[in-house]
Protein chains: 2
Amino acid sequence: MKTKQPFHHGSLKQALLDASGALLDQQGPEGVTIRAIAREVGVSHAAPVNHYKDREALLTALATVLFKDILASVQEKLSDKNLPASTRISAFAIVLFEYAMAYPNRYRLLWHTGLVNHDDPELLDVMDQFYNACRAEIAGAGLCSEQDTETYAIALWSLVHGYTDLRLTGMFEAKNDTISGRPRLEAMLDMFLNPSHAKSP
Amino acid sequence: MKTKQPFHHGSLKQALLDASGALLDQQGPEGVTIRAIAREVGVSHAAPVNHYKDREALLTALATVLFKDILASVQEKLSDKNLPASTRISAFAIVLFEYAMAYPNRYRLLWHTGLVNHDDPELLDVMDQFYNACRAEIAGAGLCSEQDTETYAIALWSLVHGYTDLRLTGMFEAKNDTISGRPRLEAMLDMFLNPSHAKSP
DNA sequence: TCCTTTAAGTTGACGTTGTCAATATTGACA
DNA sequence: TGTCAATATTGACAACGTCAACTTAAAGGA
């Protein structure tokens, strides 16, 4: 048995992130504690401090990784250049929503002030990329006047984030949202992207 | 000095709620700990358990009170029967947003899964009242076909909640949301309630 | 090759938290 | 007056984040 645990892990920083992600999926944001992560990786409870200043720093790094995944997912979907404008725009909404439904705890972490530092430059950078890409897509589609694009983009993100968040807290699940989530989202997007919804028969 | 602290507080349950609200405003949801509340009220750290099963129960009760305040605020605004339909509808949005800006920590608590139990019947009841009132107002205005009212109402709540939440995390504050919050919200509501925004000059 | 430096991991401690069990106090009611 | 149930206190426990002191090992220069 020469395969004893080496004193130096070698890639603990990455291992910590991986374990954090797994813990997050299983137990939710509250379950992602420094000590639990350390246990998972098989390292002492104070080892993580060498790689992340504190719990918030670790969770912020994790959130950044997760949001990068979302961004990459959108970009991949948009790589098809033949998509109609409305499809390209709603891609931002669909990807975000589906991600949240597939990994509710990850989405929850992203917006968990108190665990994540939303002033972190790296995290801000990724979120800005997401927003700017969305904004650019809207501007390119000519859906509204140029001066309204900002409002339009903010409204789109707000709509999707709001619906997603309310849904994750179980707000519509029970009674009113009889149509399961995704179709409802698409109905809202349709209303939003196609203003001719008013007073339809 | 006959004014010694009586052993029985008399109205500890209410005092706990009051102290929780004050702590919430000052320190945010994480600062509202059982022990801190007990200290504030001047009672032993285990006293609250007689009135609330655990921390989650206490914070859920607090959230219920806060949401009742919001609902009452909306109802008061709607008591004027001469308001135009669009004003009545946007009242839900405005009140919610202004409340969140005035008391950010309270709004944060409302949606803080892990601290608040969103399956609590009393809390659900208040939220249902809020949603149903909003839905009724939309249905009455005839803004959309009857079968679309549900989607319309959910979209409105999602839009406002999403914008509010993103704004509280500081998302637009820095760069893009140069127009301060309230005007931006009104621009979005205008876009939402008045579909003629498409391709305006 | 040996010695030093330094990054990385461990151990043990401290203060804080939520919660529980055991105990004490009090007010109300018989 | 005596009893009981509600209410409050005390003390304990485990888990947490963080820090300081220590140990280990790897790397690099002499």
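A, B, ... follow the sequence lines: proteins, then strands. Residue 1 opens every chain.
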Under-3.5 Å N/O pairs linking protein and nucleotides 11-15 of chain C:
from: C:dG12; atom 1: O6; to: A:H45; atom 2: NE2; distance (Å): 2.9

Pairing residues for B:D25 by the salt bridge (Lys or Arg N to Asp or Glu O under 4.0 Å) criterion, not counting sequence neighbours: B:R106
Under the salt bridge (Lys or Arg N to Asp or Glu O under 4.0 Å) rule, collect the residues that match up with B:R39, sequence neighbours excluded. none
Qualifying ring-ring contact (aromatic ring centres under 6.0 Å, His included) pairs, either residue in residues 41-77 of chain A, two or more places apart: A:F67-A:F130
Atom [atom1] of [X] and atom [atom2] of [N]: how far apart are they, to the nearest Å?
X	N	atom1	atom2	result
B:E56	C:dG18	CD	P	13 Å
B:R55	C:dT17	CZ	C1'	9 Å
A:I37	C:dG9	CD1	P	15 Å
B:L12	C:dT26	CG	P	16 Å

Is there, by distance only and without an angle test, a donor paired with an acceptor across the side chain of B:D54 and the base of C:dG18 below 3.5 Å? no
So, under a plain 3.5 Å distance rule, would you say the side chain of B:N50 forms a donor-acceptor pair with the base of D:dA8? yes
Paired with C:dG27 by Watson-Crick or G-U wobble geometry, both distances under 3.5 Å: which nucleotide is it? D:dC4
With [X], which residues qualify under side chain to side chain donor-acceptor pair (under 3.5 Å), at least two apart?
X	result
A:D119	none
A:Q14	A:D18
A:E30	none
B:D165	A:H161

Short of 4.0 Å, heavy atom to strand atom, which residues of residues 18-31 of chain A count as contacting DNA chain C? none
Are there more than 12 heavy atoms of other residues, nucleotides or ligands under 6.0 Å from atom CD of A:E122? no
